[in-house]
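Because the structure is a prediction, the values reported are computed rather than measured.
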Amino acid sequence: MLIGFSNLRQTTARLPFMLKIATWNVNSLNVRLPQVLDWLRTQQPDILALQETKLSDPDFPTLDIAEVGYQAVFSGQKTYNGVAILSRLPAHDLITDLPALDDPQRRVLAATIGGVRVLNLYVPNGQAVGSDKYRYKLGWLSQLNAWLATELKQHNTLVVLGDFNIAPEDRDVHDPSAWAGQVLCSEPERAAFQRLLDQGLKDTFRLFPQEERSFSWWDYRAAAFRRNLGLRIDHILASPALAAICHGCRIDPAPRRLERPSDHAPVVAEFNFDLG
DNA sequence: ATGGTTGGAGGCCAA
């Protein structure tokens, strides 16, 4: 017993520890709270970024989330948008707005958790190419790109994750010809996504072999999930230092199969920190 | 065949 404990102490110092970071657009945390609590209990992520909470801050279910062992920070909005970060460790140095964008829409929440800088995003949907909302989306992404540059200067270990509302490549689309040039897939949106990667971020999902036709969002209509007619629009991007220790990234389709699901599935990335 | 479904407001809009 004593020997075993001694060995454990010796080896623990050299064992890597895994940091599990996830993102999930829940499409109303009110409706999805039981599913989120179950998912936290079974998957045990260290950090879970939520989008589309659709809750004002006083209504945030802080106590329910604390009961399963997580702290919560949030930037909420009634009815629309709303982002939150749930974590084992406390979150500090919060930012809730893109600099130089005076925007009442709650789509951004940055925090530092256990030394990792986390940028949680709910990128505007854009509605349709050429619409006012599409122009807002592209302007928003431009401001995001500028902000990311300043964040990367300050933080070596950084993740940008959330609902990007962009399918980066045709392989992220169930029917590329049908979606060609459409919102979520248009060239200006993909170029904006590429500009984030051009700053050194890696799409952690594509660091690993993945099944073909892997998607993170399926329309509620036309039995799209059953037919796997989806898009991969939820992403976990990692700075070079974090990408180098990324150990895996996967989409968890299980919650999408539940009754009253979100239209998005969670995405999970794991990082190995060697404390030796 | 330009459909269909969900959430939340509030008697349509956003996704």
Side-chain angles (χ1 to χ4, degrees), chain A residues 23-39 49-61 64-65 74-84 101 103-109 120-141 144 161-168 172-186 188-190 192-193 215-235 251-267:
Chain A
T23 179
W24 192 3
N25 179 323
V26 290
N27 187 16
S28 169
L29 187 54
N30 252 346
V31 174
R32 234 64 70 189
L33 181 62
Q35 294 182 20
V36 170
L37 296 177
D38 278 348
W39 198 80
L50 301 176
Q51 303 86 35
E52 281 204 90
T53 57
K54 299 184 175 178
L55 288 173
S56 55
D57 288 347
D59 295 329
F60 197 87
D64 299 280
I65 286 162
F74 35 85
S75 181
Q77 181 180 343
K78 195 177 180 179
T79 310
Y80 304 115
N81 311 311
V83 284
L101 192 70
D103 188 353
Q105 300 190 32
R106 303 292 80 199
R107 298 180 173 279
V108 171
L109 182 58
N120 177 21
L121 307 178
Y122 176 44
V123 176
N125 172 281
Q127 193 174 55
V129 173
S131 67
D132 286 346
K133 286 175 183 156
Y134 182 78
R135 280 182 286 277
Y136 164 69
K137 179 180 193 175
L138 293 182
W140 195 97
L141 287 165
L144 168 66
L161 79 175
D163 178 358
F164 286 70
N165 271 314
I166 299 171
D172 301 312
V173 181
H174 69 89
D175 186 344
S177 59
W179 280 87
Q182 300 295 309
V183 74
L184 313 185
C185 301
S186 73
E189 293 166 84
R190 286 179 169 178
F193 186 85
F215 309 124
S216 68
W217 169 82
W218 302 260
D219 198 298
Y220 282 123
R221 296 166 287 188
F225 180 67
R226 181 178 60 71
R227 300 155 67 198
N228 196 27
L229 306 181
L231 302 179
R232 192 177 70 91
I233 58 176
D234 301 270
H235 308 297
I251 297 165
D252 179 6
R256 188 63 176 81
R257 298 189 190 103
L258 300 172
E259 285 196 40
R260 281 195 98 184
S262 167
D263 44 353
H264 296 251
V267 184

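Between A:P261 and A:A222, the residue anchored closer to the 5' end of DNA chain B is A:A222, taking for each the nucleotide with the nearest heavy atom.
Rounded to a whole angstrom, the distance from the P atom of B:dT5 to that of B:dA9 is 22 Å. The gap from the P atom of B:dG7 to that of B:dG3 amounts to 22 Å, rounded to the nearest Å. Taking the P atom of each, B:dA1 and B:dG11 are spaced 36 Å apart, rounded to whole Å.
When side chains are defined from C-beta on, A:I166 counts as touching A:L141, because their heavy atoms get closer than 4.5 Å. Using a 4.5 Å cut-off on side-chain heavy atoms (C-beta onward), A:N228 and A:W218 make contact.
Using modelled atom types and a 3.5 Å distance limit, the side chains of A:W217 and A:D163 yield no donor-acceptor pair.
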Base-contact (B) and sugar-phosphate-only (S) positions in nucleotides 10-15 of chain B, heavy-atom cut-off under 4.0 Å, - elsewhere
----SB
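The CZ-P distance, from A:R32 to B:dT6, rounds to 10 Å in whole Å. At whole-Å resolution of the value, CD in A:Q182 and P in B:dT2 are 16 Å apart. Atom CZ in A:R260 sits roughly 12 Å away from atom C1' in B:dT5 (whole-Å rounding). Rounded to whole angstrom, the span from the CZ atom of A:R226 across to the P atom of B:dG4 amounts to 16 Å.
A donor-acceptor pair is defined here as one N or O able to donate and one able to accept, closer than 3.5 Å; no such pair exists between the side chain of A:Q51 and the backbone of A:T23.
Relative orientation of the A:F74 and A:F60 rings is parallel, given thresholds of 30° and 60° on the angle between their planes.
Taking CG from A:N81 and NZ from A:K54, the interatomic distance works out to 9.0 Å, rounded to the nearest 0.5 Å.
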